[in-house]
Amino acid sequence: MPGRVLITRAIPEPGPSLVRGAADRVDANTEDRSLTADGLKLAVAGQDAVLCLLTDQIDASVLEAAEGCKIFANMAVGYNNIDVAEATRRGILVTNTPGVLTECTADLTWALILGVARRVAEGDVEMRAGRFPGWGPLYMLGGDVAGTTLGLIGPGRIAAAVARRATGFGMTVLYHGRRPGAELDGLGARSVPLDELLKTSDFVSLHVPLSAETRHLIDAQALSQMKPTSYLINTSRGPVVDEAALVVALRTGQIAGAGLDVYEDEPKMATGLADCPNTVLLPHLGSATIATRAAMSRIAGENLVAVLQGRRPPNLVNPELWPDSSRARPHSL
Ligand code: DGY
């Protein structure tokens, strides 16, 4: 049933070409910026399929405006921007792009671990400002990385990729999650309760999806359990951390520092965070490599095209709408 497709923002190839090759008509926002909330509602009306991004808030009102749409194919592994429960209630398929951004997100997690502990960004600023006074025994001392303890919150693919890199640094790896992490176990990581992880880790790195359960998982109380020499790293989703509480912890020396790629209210960040020198602050770059973004675009396109062609999309996040065992979709498209 080739149909009408919306692509909500300019994205790299090959997703757009895949979609164009399979749809009757493609409406694409060719600007590198999100549609407004009202613009999005207008744009989804009458579409059979939508390729969207984590910057699009696909809430109940957008889903209502998209009456008759079969799929929202999100070009992201996270899908907290989509009201999946409401989409499922309406029989709308939702897909994501898992797997392809695992390694580059793990790389960036390591950039933050090394960057914040060894004061890389601060040092760069000192050099550019001409303030390097010459080598000094007390100058810009940071924290050790090799041989320390890494605590991973979340037992998934990205956590395992971060742990794999940690073996080269001779680190003890702990993890906490609701389910066992088979790959983490295989790497010698130890599953521990959250309290123990917070109290004993030198680096606490977050790798959980955003949900009601994980919102503000790292709050003032959790931060108070961390060691004053420890660092918080977040490449997952901003609202997992209570950012105002983090600013207090950073200012008062409750923890040594933080390396952040994501923020509670992107693109803004909490008042005071930018003034904390013991931070490395990146603008949500976890998946920002040329090859990874192309792979995400391809997978989002493939998911969408599968539905246009009456096939089960490979990365369905509401599989109850199309059980793996059923060859045809239970409800007609
Ligand atoms: C994702 O895919 O969820 C990432 O946050 C994008 O960078």
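Both counts, for ligands and for their atoms, begin at 1 and track the order of listing. Quantities reported herein were computed from a predicted structural model and do not represent experimental measurements. Sequence positions, counted from 1, serve as the residue numbers for this chain.
Listed by number with element, the atoms of ligand 1 under 4.0 Å from a non-hydrogen atom of M296 are 2 (O).
Here the options are V247, L250, L232, L112, the test is side-chain contact (heavy atoms from CB on, under 4.5 Å), and the partner is T279; only L250 passes. Considering L246, V116, L206, T235 as possible partners of L260, the one that fulfils the side-chain contact (heavy atoms from CB on, under 4.5 Å) test is L246.
Qualifying side chain to side chain donor-acceptor pair (under 3.5 Å) partners for R90, counting only residues two or more places apart in sequence or in other chains: E86.
Protein heavy atom at the shortest distance from atom 3 (O) of ligand 1 is R237 NH2, 2.6 Å. Considering only non-hydrogen protein atoms, atom 7 (O) of ligand 1 sits nearest to S287 OG, 2.7 Å.
At a heavy-atom distance under 4.0 Å, only side-chain atoms of L101, from C-beta outward, approach ligand 1. Contact annotation: for L54 versus ligand 1, heavy atoms closer than 4.0 Å belong to the side chain alone.
Atom OG of S191 is separated from atom CG of L152 by 11.5 Å, given to the nearest 0.5 angstrom.
Annotation: V77 places an N or O atom under 3.5 Å from an N or O atom of ligand 1; distance criterion only.
Neither side chain, E196 nor H176, offers a donor N or O lying under 3.5 Å from an acceptor on the other.
Listed by first and then second residue, the side-chain hydrogen bond (donor to acceptor under 3.5 Å, both in side chains) pairs that reach into residues 136-150 come to none, sequence neighbours excluded.
Under a 4.0 Å heavy-atom criterion, H284 is in contact with ligand 1.
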